[in-house]
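Single-structure report; data block below.
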Amino acid sequence: MSESDDDKPLKSSKKEPKPEEDDDDVPLKKAKSSKKENVQSQVKEENAPTAKESKKKKKTKRKRGDDDDDDDDDDEEDFDTRKKKAPAKKEKSSKSSSKSAKTDGKGQPKKPKKEVKVEPVYEWWKDEQPLAQGKKWRFLEHNGVIFPPNYEPHGVKMKYDGQIISLTPEQEAIATMYAAMSRTDYAGKDVFKKNFWKEFSEKLGKNHAIKDLENCDFQPIVDHLDAEREKKKALTKEEKLKIKQAKEKTEAPYVTVVLDSHLEKNGNFRVEPAGLFRGRGEHPKMGQVKGVIQPEDITMNCSEDACPPRCSLPGHAWQSLVHKDEQTWLAFYKDTINGEFKYVFLSAGSSLKGQSDREKFEKARELKKHVARIRQRITQGLKSSGLEMQQNTALWLIDNLAIRAGNEKDTNEEADTVGCCSLRVEHITLGTDEEGPTIYFNFLGKDSIEYKNLVKLRPKDEEKAKEGEENPCVSFVREGEEKNFRRVVENMRSLTSNSKKPSDDVFDQLNTSSLNTYLKDLMPGLTAKVFRTYNASFTLDQELYKLEDHPEKSSFLRNDATQLKFYNDANYQVAILCNHSRAVSKTFDSQVEKMDEKIKGLHEELADLKKKKKSADNKEQMKKKIANLEERISKQETQKQIKLKLAGVALSTSKVNYLDPRITVAWCKRFGNFPLNKVFNKSLITKFKWAIDEADEDWRF
DNA sequence: ACGCTGACTTAGAACATGGGGG
DNA sequence: CCCCCATGTTCTAAGTCAGCGT
């Protein structure tokens with residue numbers, strides 16, 4: 001959002017003492033507001049901390065700049081319900097600024113400006129590791145969850161067979177859920193309709209006038225929903241603001257929680273509203289009603305010495321209250337579709353998430369140290385037979401193609417998707433081309449996203465190699481793996497031989513758990529998914545540092561736009577590797593058309609200008625104009641290229657989950673102090689604060 | 001050894017926002 | 001100024017994998 005405009009370079013920690021950033025980037029003012037809102041808690045000090053605890057707490061505080069004490073007083077007012085009030089501290093993060101933070105934190109004179117909110121972050125990476133093995137916290141206090149409003153019957157009547165039908169509120173509720181999805185793709189799917197009808201007809205009862213779905217007309221309800229939406233849209237700015245503020249106010253107590261002696265943000269304190277289940281792909285349960293969740297369905301977790309979350313629905317109570325300090329969840333319930341667990345966790349920017357995120361990348365870096373050895377082992381194993389051959393062949397695929405492990409799934413309950421271990425014969429096509437053997441993969445992976453990839457040897461012909469490189473559905477075996485690839489193909493041939501049916505498993509002796517057991521032997525803590533993290537991060541690091549002695553280095557460094565493009569191209573390689581995709585916008589074609597027209601128009605203008613130039617007296621001026629226009633055209637054209645290239649590709653998924661943020665931070669610092677906020681948005685900056693602090697320009701993955 | 005429960009990460013779509021260009 | 005689109009945020013589904021109980 002708003003923050004993107006100030007590009008501030010991140011200081012390279014080494015060279016410049018680093019000026020501000022902290023202060024302007026993290027407005028302390030925010031702190032104040034948040035504190036007051038949440039008010040809820042209480043810092044553990046007040047509760048008779050153990051000696052050890054208090055010590056540690058003290059330390060934390062000190063670091064943060066002792067501001068705690070001064071704010072305590074204010075929380076009180078908002079929170080009647082709690083007996084203890086906590087000083088919700090907002091700590092401003094950076095060292096240098098902490099002192100000032102405290103001072104103005106309270107007074108808060110100014111702040112008329114828009115106010116970019118950057119959440120205060122507890123800088124866990126500056127604390128020494130305090131907790132005992134396995135413990136996630138020593139104090140946890142929060143206000144639980146917030147429920148969606150009860151269903152309010154609107155009384156709009158649907159029709160059946162042309163007749164107006166009255167529904168009970170309960171019936172109306174699910175009819176309305178259906179109406180709400182009338183313009184989605186689900187509405188046309190048989191499974192969706194069938195599942196919905198099953199539940200709807202049950203709710204209608206045996207002798208209801210409505211006998212089938214075909215003759216139901218939900219249009220009146222659809223119209224009603226549209227009208228409601230319009231009404232909402234038509235509100236004035238002020239009204240909208242008011243509503244927003246009211247919402248913020250009610251939600252404020254849930255936004256932050258107290259973890260040990262600091263505040264953290266809750267990631268998802270809103271209980272999921274009832275609705276029709278929207279599974280991805282051909283999900284057998286799409287259209288089923290996802291029921292209302294009651295407090296009685298929810299288990300709460302907090303520390304024993306905390307004030308437990310109070311149930312906000314009168315007459316209700318939590319299912320139970322537990323104190324599991326080896327767990328990071330604040331609450332959970334089971335959904336009514338598959339009985340799956342839904343957890344309430346802290347946000348991505350929290351210390352708990354940050355720490356495990358860092359551990360994830362450290363593990364991937366650990367793999368980097370062992371990967372040569374492990375690959376050697378895999379190479380060996382490719383030549384064996386039976387289970388060992390299967391294990392190593394699968395691992396080769398996981399390592400080289402970055403595919404997922406592939407747990408078994410029950411296709412009566414879930415969509416039929418696969419990963420490595422669950423690949424079936426029908427997903428593989430073996431072939432040959434002028435370079436040698438090929439394997440074509442075509443299957444649905446996680447989220448029913450298509451994975452289509454022709455894996456082959458790199459052509460000698462540079463022209464062809466280039467072509468293949470630009471084709472996202474082709475990948476070349478990486479250098480040094482050619483021989484292994486041939487072996488893998490042979491193995492795949494025997495694993496898919498015609499004694500097997502298309503629906504049989506390729507790796508019939510494998511499952512993810514045995515595979516991971518095998519991996520654990522190769523390196524402690526190693527599992528299949530680590531390869532994805534490792535290969536993604538390694539690829540980014542390699543790609544980014546090609547800039548180091550790139551022949552066109554200076555042209556990439558010419559300005560932010562060109563440098564950003566270089567970064568995005570590297571990011572793109574990773575997205576392709578990991579098969580991260582996104583839906584192409586419905587208006588994509590028309591958008592491209594528009595761009596074409598614009599470009600065409602510019603070309604015409606250019607031609608015109610050139611013609612005029614001949615007869616013009618002020619040639620110099622014309623020349624300038626022409627150059628200008630040419631520049632605009634080329635800009636438009638590259639923009640179009642980018643648009644086409646990224647049409648179905650998501651860069652964000654890898655950024656958020658797979659790429660060690662320190663790679664990016666270091667690269668930015670190293671190459672012209674490139675503004676980090678060009679590549680990381682506000683959320684990522686918050687999420688990766690630890691990395692921003694940690695990586696200097698020499699850091700490498 | 002294996003199936004199931006539980007906890008946590010990863011994922012794309014839906015939705016909201018707001019800035020730039022006509 | 002308005003609208004369109006890009007980008008950011010929220011939502012919740014769908015994976016991975018450990019550990020437990022049988």
Side-chain angles (χ1 to χ4, degrees), chain A residues 1-5 114 136 148 180-181 184-186 229 232-233 240 244 267-273 275 277-281 283 285-286 290 299 301 324 326-329 332 334-335 337-348 352-353 356-357 359-360 403-410 413-415 417-422 444-449 511-517 519-520 525-530 532-533 536 578-583 585-588 590-591 594-595 598 639 642-643 646 648-658 680-684 686:
Chain A
M1 31 194 58
S2 50
E3 63 121 19
S4 43
D5 17 322
K114 176 100 111 301
K136 298 292 168 60
M181 292 179 70
T184 67
D185 291 346
Y186 290 102
R229 196 170 313 126
K232 223 166 121 189
K233 228 169 80 186
K240 284 185 194 159
K244 191 176 162 207
N268 54 319
F269 52 83
R270 297 179 195 92
V271 171
E272 294 175 19
F277 179 70
R278 302 153 90 105
R280 307 271 170 88
H283 199 294
K285 300 207 169 178
M286 64 170 79
K290 206 172 61 153
T299 297
N301 190 23
K324 302 195 172 190
E326 299 196 342
Q327 250 65 89
T328 68
W329 53 270
F332 83 84
K334 292 188 178 187
D335 76 7
I337 300 294
N338 277 343
E340 273 161 15
F341 288 73
K342 300 285 186 150
Y343 291 91
V344 174
F345 289 118
L346 294 182
S347 73
L352 290 178
K353 295 287 191 193
S356 63
D357 220 28
E359 276 162 27
K360 170 181 77 186
I403 55 183
R404 299 183 183 82
N407 285 316
E408 299 95 286
K409 296 180 76 178
D410 177 350
E413 312 276 305
E414 305 167 275
T417 65
V418 301
C420 188
C421 292
S422 48
L444 297 182
K446 182 178 180 179
D447 291 318
S448 297
I449 297 294
N511 61 45
T512 53
S513 110
S514 71
L515 193 67
N516 282 330
T517 305
L519 284 173
K520 216 125 287 169
L526 187 59
T527 64
K529 82 194 264 286
V530 181
R532 238 168 110 80
T533 312
C578 295
N579 201 41
H580 290 144
S581 66
R582 58 173 182 159
S585 145
K586 283 194 181 104
T587 55
F588 180 80
S590 78
Q591 287 170 25
K594 257 186 241 170
M595 286 179 113
K598 192 169 167 188
Q639 222 155 49
I642 291 170
K643 191 181 175 84
L646 295 179
V649 181
L651 300 185
S652 60
T653 307
S654 49
K655 235 185 233 181
V656 173
N657 300 299
Y658 287 102
F680 284 173
N681 62 29
K682 188 181 67 143
S683 307
L684 290 177
T686 303

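So you know, we letter chains A, B, ... as the sequences are listed, proteins then strands, and number each from 1.
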How is [X] classified with respect to the nucleic acid when contacts are heavy atoms under 4.0 Å: base, sugar-phosphate, or nothing?
X        : value
A:Asn516 : sugar-phosphate
A:Ala415 : nothing
A:Lys233 : nothing
A:Ser514 : nothing
A:Lys285 : nothing
A:Ser513 : nothing
A:Gly419 : nothing

Figure out the [atom1]/[atom2] separation between [X] and [N], and round it to whole Å.
X        : N      : atom1 : atom2 : value
A:Asp410 : C:dA14 : CG    : C1'   : 14 Å
A:Met181 : C:dC11 : CE    : P     : 17 Å
A:Asn681 : C:dT9  : CG    : P     : 5 Å
A:Asn338 : C:dG15 : CG    : C1'   : 14 Å
A:Glu414 : C:dG15 : CD    : P     : 7 Å
A:Ile403 : C:dG15 : CD1   : P     : 14 Å
A:Gln639 : C:dC5  : CD    : P     : 13 Å
A:Lys342 : C:dC11 : NZ    : P     : 12 Å

Sub-3.5 Å donor-acceptor pair from the side chain of [X] to the main-chain atoms of [Y], do we have one?
X        : Y        : value
A:Asn516 : A:Thr527 : no
A:Asn511 : A:Ser513 : yes
A:Asp357 : A:Lys353 : no

Using OP1 and OP2 only, check whether a side-chain N or O of [X] sits under 4.0 Å from [N].
X        : N      : answer
A:Asn407 : C:dG15 : no
A:Ser683 : C:dT9  : yes
A:Lys520 : C:dA18 : yes
A:Lys409 : C:dA14 : no
A:Lys682 : C:dT7  : no
A:Lys594 : C:dC4  : no
A:Lys598 : B:dG22 : yes

#### Entry: A:Glu272 with A:Lys342: basic N within carboxylate O range, under 4.0 Å
yes
### Task
Could you work out which one of B:dG22, B:dT17, C:dA6 sits closest to the side chain of A:Lys244?
B:dT17
#### Entry: Of the listed nucleotides C:dA18, C:dA6, C:dT10, the one nearest the side chain of A:Arg270
C:dT10
## Note on the structure
Smallest heavy-atom separation, A:Phe277 atom then A:Lys285 atom, equals CD2-O, 3.5 Å
### Summary
The answer to which of A:Leu526 and A:Glu340 contacts DNA chain C further toward the 5' end, by nearest nucleotide, is A:Glu340
### Task
Identify, between A:Phe277 and A:Thr587, the residue whose nearest nucleotide on DNA chain C lies closer to the 5' end.
A:Thr587
## Note on the structure
In 5'-to-3' order, the base (B), backbone-only (S) or no-contact (-) status of each nucleotide in nucleotides 6-15 of chain B, using a 4.0 angstrom heavy-atom cut-off, is BBBBBSBSS-
Among side-chain atoms of [X] and [Y], is any donor-acceptor pair under 3.5 angstrom?
X        : Y        : result
A:Lys409 : A:Ser422 : no
A:Arg532 : A:Tyr658 : yes
A:Asn407 : A:Thr512 : yes

### Message
Over 60° means perpendicular and under 30° means parallel, so tell me whether A:Phe332 and A:Trp329 are parallel, tilted or perpendicular.
### Response
perpendicular
